[in-house]
2 protein chains.
Amino acid sequence: MATEHDKYIKPSVAVDIVVFTIMENELKVLLIKRGQQPFAGMWSLPGGFIHIDESPEDAALRELEEETGVKDVYLEQLYTFGRPNRDPRGRVISIAYYALVDSSKIKPHVTGAEKIENVQWVDVSDLPKLAFDHEDIVGYALKRLRYKMEYTAVGLELLPDLFTLTDLQRVYEIILSEKLDKRNFRKKVLSMGVVEPAKIYKKGPHRPAMLYRFKKSKPASTFKRIKFEG
Amino acid sequence: MATEHDKYIKPSVAVDIVVFTIMENELKVLLIKRGQQPFAGMWSLPGGFIHIDESPEDAALRELEEETGVKDVYLEQLYTFGRPNRDPRGRVISIAYYALVDSSKIKPHVTGAEKIENVQWVDVSDLPKLAFDHEDIVGYALKRLRYKMEYTAVGLELLPDLFTLTDLQRVYEIILSEKLDKRNFRKKVLSMGVVEPAKIYKKGPHRPAMLYRFKKSKPASTFKRIKFEG
DNA sequence: ACAAAAGTGTTCCTAATACACCCATGA
DNA sequence: TCATGGGTGTATTAGGAACACTTTTGT
């Protein structure tokens, strides 16, 4: 039951987003160097407070667009972190999300007031110490991403509209950190029915590869593009 | 970015808990009849606002003990619901949990000011209309519970310390709404290594059944493979 | 002796894995 | 013609699913 007391001392509510992308054959996370106290000068996850008239998802998408310039993103709620002393300034509850973005869609210049030096894509296997409990959040996101990769085709969200099966396999190998068998991988992906061949081939120095695209017609049960709660 | 504005108009943060138990061979959810507006007289999930010095988990456990008298509960965070107009009184963000309790541990009398008439265990297949977006929350909890039952032994949390394998099978059958094969079920459960036989037998009108207990040494998280298909 | 629940093995089938060679192209 | 990545099929194995009878007890 709510008491009058509760109504006066309210926590702040923020969103934090673990943004994954694949660049240079590595899984990267977007980090922001903090300008103010607390943890000034330390790296942290992008995020911010929820506006009073927007849903947490919208807040996450807004922050994401501000930092990466990308609008069409796979976004999934991760977990809500609310330990009383996780933020030294006071009570802040953070709804954490993770996002998957195609690196080719990222705009090189960020739109906000941030300097480029303060916004970096960092290799997940080479993370610095992070502000607040953001290391826990990244760890949780990684666990969830890897888990989800085992039984869905989320990996598609990290690729451009047209991609080869080898591209997709590379995404899985990078994230799961293990080599996969080419024939078995293709069998599995094709049997899921989540991709369809474009009739275009990718030209290159060697044999042209068939380009595929994400098949939108598939029911959401097999491949979730939208998260729960409309 | 947070503006000063945000810092003044903060949302309230609540927890709502979907408490499952098995009674009378049915899966039940704990509901509370609301005494005040909004939705006065309607059924709703137990829950309440987070105190300023407690974690969301602690808030959920506190509410849970108030309503059921049970302390030792399986509790898992579900999802955070934060649509701007989900509560007509104003901005309320709710961190939803689900809990599994052994019905034999529930104290018949609730400790709060609630009348017993206003606190009921209701069959999940026979839910009334619920206040707020609580029907969505229950739906989500059910989905998650069923999903988790497929590959873990969470069902154990609904049973007393000692139980027969038939008891456990009944739990799974009730929640998944399907009949399971006795031999396959036992093979699976025993191969997981999550239970161990007590050396006691349950006496009854027929052949005595071996009683089992939950084996604490084994992490319940690791035991089956997930199917590729979602 | 019988009613009622406890307990137990084997066969079948599907799905995952392991594994190696030919193909098409640009240089 | 060769270097490079693209593309394909089969045999084996492991795990899930289907399936029926004997055992033990209380009445």
Side-chain angles (χ1 to χ4, degrees), chain A residues 22 24-25 146-153 155 159-160 162-174 176-213 221-222, chain B residues 22 25 146-153 155 159-160 162-174 176-213 222-230:
Chain A
I22 290 195
E24 301 152 1
N25 280 341
R146 292 202 172 113
Y147 181 72
K148 196 138 190 176
M149 298 267 294
E150 299 277 359
Y151 66 101
T152 69
L159 290 172
L162 292 179
F163 51 87
T164 69
L165 293 183
T166 302
D167 292 337
L168 184 58
Q169 183 174 344
R170 191 172 303 121
V171 167
Y172 276 75
E173 289 180 338
I174 288 167
L176 300 175
S177 318
E178 66 180 305
K179 204 161 156 31
L180 303 174
D181 180 81
K182 206 197 323 185
R183 283 165 293 190
N184 293 339
F185 181 80
R186 292 161 105 93
K187 242 184 296 178
K188 201 150 121 184
V189 168
L190 294 176
S191 77
M192 282 193 270
V194 289
V195 296
E196 62 188 4
K199 287 158 192 166
I200 318 163
Y201 288 83
K202 180 192 192 179
K203 280 196 65 178
H206 307 298
R207 173 172 174 176
M210 175 66 83
L211 288 166
Y212 286 78
R213 69 167 65 89
S221 55
T222 17
Chain B
I22 289 195
N25 279 342
R146 291 200 173 115
Y147 182 72
K148 196 139 190 171
M149 299 267 294
E150 299 280 358
Y151 66 101
T152 70
L159 290 171
L162 293 178
F163 52 87
T164 68
L165 293 185
T166 302
D167 293 337
L168 184 58
Q169 183 175 344
R170 192 172 302 120
V171 168
Y172 276 75
E173 289 180 337
I174 289 167
L176 300 177
S177 318
E178 66 180 307
K179 204 161 157 30
L180 302 174
D181 180 81
K182 205 199 319 188
R183 283 165 292 186
N184 291 340
F185 181 81
R186 291 160 107 94
K187 243 182 295 176
K188 198 151 126 186
V189 167
L190 294 175
S191 76
M192 283 193 267
V194 289
V195 297
E196 61 187 6
K199 286 155 192 168
I200 317 161
Y201 288 83
K202 179 191 193 179
K203 280 196 65 179
H206 307 298
R207 174 172 174 177
M210 175 67 82
L211 289 166
Y212 287 78
R213 71 166 63 89
T222 44
F223 71 87
K224 195 181 133 188
R225 257 254 195 252
I226 314 294
K227 274 181 280 186
F228 202 106
E229 90 178 87

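Numbered from 1 within each chain, the chains take letters A, B, ... in sequence-line order.
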side-chain contact (heavy atoms from CB on, under 4.5 Å) for B/T152 and B/M192? Distances and angles first, verdict last. CA-CA 9 Å; B/T152 70; B/M192 283 193 267; over 6 Å; no
Apply the test side-chain contact (heavy atoms from CB on, under 4.5 Å) to residues B/D167 and B/K202: give CA-CA distance (whole Å), side-chain angles for both, the deciding distance (0.1 Å), then the verdict. CA-CA 11 Å; B/D167 293 337; B/K202 179 191 193 179; 4.0 Å; yes
Round to a whole Å and report the spacing from CG of B/L180 to C1' of D/dA18. 13 Å
Is B/T166 near enough to C/dA5 that one of its side-chain N or O atoms lies under 4.0 angstrom from OP1 or OP2? no
Length of the line joining A/M210:CE and D/dG7:C1', which is rounded to integer Å: 11 Å
Answer with base, sugar-phosphate or nothing: what part of the nucleic acid does B/P208 contact at a heavy-atom distance below 4.0 Å? sugar-phosphate
Side chain of A/N184 - closest among D/dT8, C/dA18, D/dA20: C/dA18
Rounded to whole Å, how long is the line connecting atom CZ of B/F185 with atom P of C/dT8? 15 Å
side-chain contact (heavy atoms from CB on, under 4.5 Å) test vs A/Y212 passes for just one of A/I200, A/L162, A/L190, A/T164, namely A/L190
Of all the choices, D/dC19, C/dG7, C/dC19, which nucleotide is nearest to the side chain of A/R183 once you look at every atom? C/dC19
Rounded to the nearest Å, what distance is computed from the NZ atom of residue B/K187 to the P atom of nucleotide C/dG7? 16 Å
Atom CG of B/D181 and atom P of C/dG9 are separated, to the nearest Å, by 14 Å
B/H206 side chain, from C-beta outward: closest of C/dA5, C/dA6, D/dT8: C/dA5
For B/S191 and B/K188, indicate whether the former's side chain and the latter's backbone hold a donor-acceptor pair under 3.5 Å. yes
Among C/dT17, D/dG5, D/dT24, find the nucleotide with the atom closest to the side chain of A/R207. D/dG5
Provide, to the nearest angstrom, the distance between the NZ atom belonging to B/K182 and the C1' atom belonging to D/dT22. 11 Å
Atom OH of A/Y151 and atom P of C/dA16: how far apart are they, to the nearest Å? 15 Å
Drop me the distance from B/L180's CG to B/K182's NZ, to the nearest 0.5 angstrom. 12.5 Å
May I ask you to verify whether the side chain of B/K188 and the base of D/dG16 hold a donor-acceptor pair under 3.5 Å? no
Please determine, for the side chain of B/R186, which listed nucleotide (D/dC19, D/dG7, C/dG7) has the closest atom? C/dG7
Return the value, rounded to whole Å, for the distance between atom CG of B/D167 and atom P of C/dA5. 12 Å
